Amino acid sequence: APQVGVNLRIMVCNPKPFTPEFGTIFVNPRIIEVSNHEDVQAEKCLSFPQMRVPVKRPVSVKVQAVDCDGKPFTRTLQGMEARLFQQGYDHLNGFVHVDRVADNVRERLQPDLDNLVEVYLRD
């Protein structure tokens, strides 16, 4: 965290959450290439409980990062792993999945989003 003088952006991506050995730690990740082919799939996010929304994303991404030992690596992620990475990467950049939905979907979701704000401000 920058507040304590550690300027690292860290995320863990694990397409098989019940098997931790499949998880990868990405330190200061960067997407350096995206596929031209995109698809739309429903996504959920812990920040928005019970809100499953269709999000369009590239089906593969090429990523550069550093591992926990400080060694740089490059990896191409595809399918669900690419989608999970992109959602986590969005969080590092201040975006959430509802920021990526089509305008007509956003209009439909807006009352639920407004309700979440109300609940948050009330608590």
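Quick caveat: nothing in here was measured; it's all calculated off a predicted structure.
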Per-pair distances, 0.1 Å, donor-acceptor, side chain in residues 88-101, under 3.5 Å, sequence neighbours excluded:
| from | atom 1 | to | atom 2 | distance (Å) |
| --- | --- | --- | --- | --- |
| Asp90 | OD1 | Arg100 | NH2 | 2.9 |
| Asp90 | OD2 | Arg57 | NH1 | 3.0 |
| Asp90 | OD2 | Arg57 | NH2 | 3.2 |
| Asp90 | OD2 | Arg100 | NE | 3.0 |
| Asn93 | OD1 | Arg9 | NH1 | 3.1 |
| Asn93 | OD1 | Arg9 | NH2 | 3.3 |
| Asn93 | ND2 | Tyr89 | O | 3.1 |
| His97 | NE2 | Met51 | O | 3.3 |
| Asp99 | OD2 | Val96 | N | 2.9 |

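- Summarising the geometry of Pro29 relative to Ala65, their closest heavy-atom pair is CA-CB, 3.9 Å, with the distance given to 0.1 Å.
- Both Val53 and Phe48 are members of a single hydrophobic cluster when ILVMFWY side chains are connected at heavy-atom separations under 4.5 Å.
- Remark: Val27 pairs with Leu8, Ile10, Ile25, Val66 by the side chain to side chain contact (heavy atoms under 4.5 Å, CB included) rule, at least two apart or across chains.
- The ring-ring contact (aromatic ring centres under 6.0 Å, His included) contacts involving residues 53-73 comprise Phe26-Phe73, where partners must be two or more places apart or lie in separate chains.
- Evaluation of the side chain to side chain donor-acceptor pair (under 3.5 Å) rule for Asp39 yields Gln41, Arg83 as partners, not counting sequence neighbours.
- Going from atom CG of Asn7 over to atom CG of Asn28 covers 8.5 Å, rounded to the nearest 0.5 Å.
- Taking Gln64 as the reference, Arg30 meet the side chain to side chain donor-acceptor pair (under 3.5 Å) condition, with sequence neighbours excluded.
- Residues in residues 65-75 take part in these side chain to side chain donor-acceptor pair (under 3.5 Å) pairs, two or more places apart or across chains: Thr24-Arg75.
- Leu46 belongs to no multi-residue hydrophobic cluster, having no ILVMFWY side-chain contact under 4.5 Å with any other such residue.
- Hydrophobic clustering of Ile, Leu, Val, Met, Phe, Trp and Tyr side chains at less than 4.5 Å, counting indirect connections, unites Leu109 with Leu116.
- Under the 4.5 Å side-chain contact rule for hydrophobic residues, Leu77 and Ile31 share a cluster.
- The side chain to side chain donor-acceptor pair (under 3.5 Å) test applied to Asp114 returns Gln110, not counting sequence neighbours.
- Partners of Lys56 according to the salt bridge (charged side-chain N to carboxylate O under 4.0 Å, His left out) rule, which considers only residues two or more places apart in sequence or in another chain, are Glu38.
- The backbone N or O of Ser60 lies less than 3.5 Å from no partner atom in the side chain of Glu33, so there is not a single donor-acceptor pair.
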